[in-house]
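To start, the structure itself, in structure tokens.
The basis for the numbers below is simple: all heavy atoms, side chains too, and nothing from hydrogens, waters or symmetry mates. Values in this document were obtained by computation on a predicted structure and should not be read as measured data.
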Amino acid sequence: MSAYHDLTVAEFRALARVRLAAEPRIATTDSQIQPLRGDHDLNDSFPGFGEPGPVLRPAAVLVPVIERDGVLAVILTQRPDHMTSHAGQVAFPGGKIDRTDASPLAAALREAEEEIGLAPHLAEPLGYLDVYQTGTGYRILPVVALVASEFTPRLNPSEVADCFEVPLAFLIDRRNHRIEATEWRGRLRRYYDIPFGTRRIWGVTAGMVRNLSERLDPPC
């Protein structure tokens, strides 16, 4: 894991091109295929999986990686406390895929610009993680992108309360990934939890971070 502390932009770009998918492995709306990743990763009998339910809601997020003072970091947001769902939680920039979006990538870039002011020309898409299905019926496609170092966040306060950066090496290091449990819909739910200072990266976001870690640094 220590080698990732010294990863350069060029090395990360080359690594991502090899380890990430060049195209999405499955469509976000393909109900005939169970995604490899999701809230079911740690829960064999998670409600909503393999059961009839509402139409799946396709979404996309951007996993923005940026170089700061020679160190690669991942940009994350914190949702406002007033939001009706996932209030106060840490997330990647992103959201639902609209009918007007040309692709999941276009949706992720649009949402990142709306939420943190990231102009699309400052983001270089490098590849895709696995589609992640949530217990609430979302299928989320994470897009990993390299962000130009001159980028300065401009937050949309109606969607983002705060924006912060976490060293990529810290997120990749699976020694920082804990497994916690809580009761949800009458069942015990297990989920990944990644404490970072006073922040807490958990649930869906932590699950996608775990996927990023296993893609960039496959288990032996």
Relative to the ring of His177, is the ring of Tyr192 parallel (under 30°), tilted (30 to 60°) or perpendicular (over 60°)?
perpendicular

Give, for atom CZ of Arg154 and atom CD1 of Ile116, the distance between the pair rounded to the nearest 0.5 Å.
10.0 Å

Should Arg178 and Glu180 count as an ion pair when the cut-off is N to O under 4.0 Å?
yes

Does any part of the side chain of Trp202, heavy atoms only, come nearer than 4.5 Å to the side chain of Ile194, both counted from C-beta?
no

Side chains of Ser158 and Asn156: donor-acceptor distance under 3.5 Å anywhere?
yes

Please examine the side chains of Ile26 and Pro35, heavy atoms only from C-beta on, and report whether any two atoms are closer than 4.5 Å.
yes

Roughly how far, to the nearest 0.5 Å, is the CZ atom of Phe170 from the CZ atom of Arg175?
10.5 Å

Answer whether the closest heavy-atom distance between the side chains of Arg79 and Val160 falls below 4.5 Å.
no

Under a 3.5 Å distance rule, please check whether Ser213 uses its side chain to pair with a backbone N or O of Ile172 as donor and acceptor.
yes

Examine the side chains of Arg199 and Gln78 and answer whether a donor and an acceptor come within less than 3.5 Å of each other.
yes

Mind checking the OH-CZ spacing from Tyr128 to Arg25? Nearest 0.5 Å is all I need.
12.0 Å

Could you tell me whether the side chain of Thr205 and the main chain of Val90 form a donor-acceptor pair under 3.5 Å?
yes

For Tyr132, does the six-membered ring have the charged nitrogen or CZ of Arg139 within the cation-pi criterion, i.e. under 6.0 angstrom from the centroid and within 45° of the normal?
no

Heavy-atom closest pair, residues Pro120 and Glu113:
CD-OE1, 3.5 Å

Taking the basic N atoms (NZ, or NE/NH1/NH2) and the acidic carboxylate oxygens, is any pair closer than 4.0 Å for Arg110 and Asp101?
yes

Could you tell me if the side chain of Leu109 sits less than 4.5 Å from the side chain of Leu62, heavy atoms only?
yes

May I ask you to test the Arg17-Leu126 pair for a side-chain heavy-atom distance under 4.5 Å?
yes

Quick check for you: to the nearest 0.5 Å, what is the distance between Leu72 atom CG and Thr8 atom OG1?
7.5 Å

Closest contact, heavy atoms only, Thr182 versus Tyr191:
CG2-CE2, 3.8 Å

Check whether Ile97 and Val204 end up in the same hydrophobic cluster, where Ile, Leu, Val, Met, Phe, Trp and Tyr are linked by side-chain heavy atoms less than 4.5 Å apart.
no

Please check: side-chain N/O of Arg68 versus main-chain N/O of Ser149, any donor-acceptor pairing under 3.5 Å?
yes

Decide yes or no for Glu111 and Lys96: does some side-chain heavy atom of the first lie under 4.5 Å from some side-chain heavy atom of the second?
no

Keeping Asn43 on the side-chain end and Arg190 on the backbone end, is there a donor-acceptor pair under 3.5 Å?
yes

Do the side chain of Asn211 and the main chain of Gly207 share a donor and acceptor less than 3.5 angstrom apart?
no

Linking I/L/V/M/F/W/Y whenever any side-chain heavy atoms sit under 4.5 Å apart, do Leu7 and Val71 land together?
no

Looking at every non-hydrogen atom in both residues, tell me the closest pair between Glu159 and Pro80 and how far apart they are.
O-CD, 3.1 Å

Just verifying a value: how many Å separate Leu168 CG and Ile66 CD1, rounded to the nearest 0.5 Å?
12.5 Å

Is any side-chain heavy atom of Val143 closer than 4.5 Å to one of Val63?
no

Side-chain contact, heavy-atom cut-off 4.5 Å: Phe92 with Val209?
yes

Taking every heavy atom of Gln133 against every heavy atom of His40, the minimum-distance pair comes out as O-ND1, 4.4 Å

Cluster link Phe196 to Leu216, ILVMFWY, side chain under 4.5 Å:
yes

